[in-house]
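Below, chains carry the letters A, B, ... as their sequence lines are ordered, and counting in each starts from 1. Hydrogens, waters and symmetry mates are skipped; everything else that's a heavy atom, side chains included, is used.
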Number of protein chains: 2
Amino acid sequence: MDNLNLQQYFIDHNLKPTPQRLTIAKFLLSTDTHPTAEEIHKAISNELPTPISLATVYNSLEALVKVGIIKEVLTEPNKVRYDKNITNHHHFINTKTGEILDIEPYELISKELIENYLLKNPKQKFKVSNYHITFYGQVEENS
Amino acid sequence: MDNLNLQQYFIDHNLKPTPQRLTIAKFLLSTDTHPTAEEIHKAISNELPTPISLATVYNSLEALVKVGIIKEVLTEPNKVRYDKNITNHHHFINTKTGEILDIEPYELISKELIENYLLKNPKQKFKVSNYHITFYGQVEENS
DNA sequence: CTAATGTTTAGAATTATTCTAATATTAGAA
DNA sequence: TTCTAATATTAGAATAATTCTAAACATTAG
């Protein structure tokens, strides 16, 4: 999403396209990493004419989550990371480095399979609206 | 696991079976919920002759995680919940109530399926050692 | 231009957790 | 048993991440 579309997206979702929010959103959309609020704050602090406060980073992230442009990722205790969202997807955690990789949701499991699976659990009927898989393991780069 | 087996398990894992640790472990093994350290502290505080400190609850939980009797569950931002573990399993989060249900891992996805799936991601080779699914949705009790 | 509304800010407050260093308990040796 | 070394527990301080507060600022509608 480029700058102009981002502005439009904000307006369409009743969110004022302030420089702070735009900068944070642009930064997140430009990276494949999953930074914390602190990390975002550091990363963007020299991209704005005046320093941005950490509170604004938190406020903005909350707003961006609300309009569905980014997502929270919970992988470590007591730390929230943020992920440019748009699509639903899964995560692979490299157990050696802690790195988080996005995994696209090619049809891994069909909704039917999931609901049948959950039916084995005898006491309840589950209506699954969404699911998220965290894979743990190691990665070898292909040559 | 009963009291005696618990003691033995601790000893086998080089963990002194102190009253505090035993009480916390017994409490967790007796519930299907996924309480926080605070909640555990409250729940057990009158099961011991002298009051237990919150620091000990944290220390004990860390020790119990280390010996593999319980697991951390990360479902909400900035909150760690604990789960009697033993088996690998998944979680269903009731989006209405926030309740967390354990889902037994009947063979939902085979390891081969997972690794083939991840192969679609072109740049890397993944060695999956484990995976965890969080399902989100609603629950209807069966009559 | 002004009022109303919404946004950002610094710093205080809060929450969950970890650290510290003093005291108590434990398990094993004497 | 009693002693001792190692470990565990404790209260309270410290820290980390986040949220709150209330003042200042900016933007928009009239």
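Under the 4.5 Å side-chain heavy-atom criterion for ILVMFWY residues, a single connected hydrophobic cluster contains both B/Y131 and A/V128.
A side-chain contact (heavy atoms from CB on, under 4.5 Å) with B/I24 holds for exactly one of B/L29, B/T18, B/I40, B/I70; it is B/I40.
Rounded to an integer number of Å, the gap from B/L54 CG to D/dA14 P is 18 Å. In this structure, CD1 of B/I11 is placed 8 Å from P of C/dG28, rounded to the nearest angstrom. For the pair B/E72 CD and C/dA16 P, the interatomic distance rounds to 15 Å; values are reported in whole Å. In this entry the distance linking CG of B/L22 with C1' of D/dA8 reads 13 Å, nearest Å. Across the protein-nucleic acid pair, B/R81 atom CZ and C/dT17 atom P stand 10 Å apart, rounded to whole Å. In this structure, B/E76 places its CD atom 19 Å from P of D/dA17, rounding to the nearest Å. Following rounding to the nearest Å, B/E38 (CD) and C/dT18 (C1') show an atom-to-atom distance of 14 Å. In this structure, the CG atom of B/L61 is 13 Å from the C1' atom of C/dA16, given to the nearest Å.
Separation of the B/H132 and A/Y136 ring centroids does not fall under the 6.0 Å cut-off.
Residue A/Y58 has a polar side-chain atom (N or O) positioned under 4.0 Å from OP1 or OP2 of D/dT18. Distances shown here put a side-chain N or O of B/N78 below 4.0 Å from the OP1 or OP2 atom of D/dT18. Note on B/T18: a side-chain N or O is less than 4.0 Å away from OP1 or OP2 of D/dT9. When the side-chain nitrogen and oxygen atoms of A/S53 are compared with OP1 and OP2 of C/dT9, one or more of them lie within a distance under 4.0 Å. One finds no side-chain N or O of A/K16 lying less than 4.0 angstrom from the OP1 or OP2 phosphate oxygen of C/dT7. OP1 or OP2 of D/dT10 lies within a sub-4.0 Å distance of a side-chain N or O belonging to B/Q20.
Checking B/I52 against A/A55, the closest nucleotide of DNA chain D that is more toward the 5' end is the one next to B/I52.
Using cut-offs of 30° and 60° for the angle between ring planes, the A/H91 and A/H89 rings count as perpendicular. Ring planes of A/F92 and B/F126: tilted class, angle from 30 to 60°.
Partner assigned to C/dA27 is D/dT4, using Watson-Crick or G-U wobble distances below 3.5 angstrom.
Across all strands shown, A/P51 has heavy atoms under 4.0 Å from sugar-phosphate atoms exclusively, and none from any base.
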